[in-house]
Amino acid sequence: MRTKIIAGNWKMNKTVQEGIVLIEEILKSAGKLQHENLQIILAPPFPLLGMASALTSDYRFISISAQNCYYKNNGAFTGEVSPAMIKSTGANHVIIGHSERRMYFHEDNSLLSEKIKVALQNGLTPVYCCGETLSERNEASDYDIIKNQLEETIFSLDEEEIIKIVIAYEPVWAIGTGVNATPEQAQEMHRFIRTQVALKFKDDIAEKIPILYGGSVKPENAYSLFSCTDIDGGLIGGASLNSNDFVAIINS
Ligand code: PGA
């Protein structure tokens, strides 16, 4: 049975003080959140990583994630943060390839591929995001886009590396819009992604890789999405900023 994962992507929200309040609220429910086979990931902004790791260090089912990283370990790259630095805060994961990074910061598959490799070398688990835009879906090129986003990044990994990856399918048209993919639409794409992994690697590798759904997940739609065979949890944006909503989604 694959581990279920609920990850909260805080994006550029919360100061250190606000982050402490949110984490403490989530931890109040921690006793009720601990399920066998469930992992919770919190992805606050860089300046909050050390604090978040320290506050959650007693909770083995909670991991901390960065939202991005650079593809070099150190050097004269003003303003960038390396995977080694992220790891040193106590964080274990890093989101790579979020559509906001692709869109606003022009990150392409070749750069993302470098980031994934360096993150893995530093012991971070990449949460690799893929997803099509609305026009790509309307033009029926969504499957080609996703295939390409996989082929040009994580499909260059070897078997030992791919098994460490978490994939997040996040249709761009569903992110922050309030319009989620229906469970049927999401399941279909998750099945497609798993099949591509099986074709490139092996069936048993594909069966082990967690594939999360992201895009307007809310307490009201979480259960129907997470009940789908190939959906192993969610990457939650807006609803992860409110402890009641986030805890309700975890309990789904
Ligand atoms: P959303 O964001 O839940 O606010 O739609 C998801 C994400 O961008 O990871």
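Counting starts at 1 for both ligands and their atoms, following the listed order.
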ask   = Is there a donor-acceptor contact under 3.5 Å linking the side chains of Q39 and S63?
value = yes

Name each N or O atom in ligand 1 that is under 3.5 Å from a protein N or O, and give the partner atom and the distance.
| from | atom 1 | to | atom 2 | distance (Å) |
| --- | --- | --- | --- | --- |
| ligand 1 | 2 (O) | K11 | NZ | 3.4 |
| ligand 1 | 3 (O) | G237 | N | 2.9 |
| ligand 1 | 4 (O) | G238 | N | 2.8 |
| ligand 1 | 5 (O) | G176 | N | 2.7 |
| ligand 1 | 5 (O) | S216 | N | 2.7 |
| ligand 1 | 8 (O) | K11 | NZ | 2.7 |
| ligand 1 | 8 (O) | H98 | NE2 | 2.6 |
| ligand 1 | 9 (O) | H98 | NE2 | 3.3 |
| ligand 1 | 9 (O) | E170 | OE1 | 3.3 |
| ligand 1 | 9 (O) | E170 | OE2 | 2.7 |

note = By ring pair (Phe, Tyr, Trp, His ring centres under 6.0 Å), Y143 pairs with (sequence neighbours left out) F192

remark   = Tested for side chain to side chain contact (heavy atoms under 4.5 Å, CB included) against Q17, the lone hit among V21, T15, I20 is T15

query = With a cutoff of under 4.5 Å between side-chain heavy atoms, which Ile, Leu, Val, Met, Phe, Trp and Tyr residues group with L235?
reply = I5, I41, I95, V127, V166, L212

request  = Could you tell me whether the side chain of S113 and the main chain of N109 form a donor-acceptor pair under 3.5 Å?
outcome  = no

request  = Among residues two or more places apart or on two chains, list those pairs meeting side-chain hydrogen bond (donor to acceptor under 3.5 Å, both in side chains) that have a residue in residues 85-97.
outcome  = K87-N92

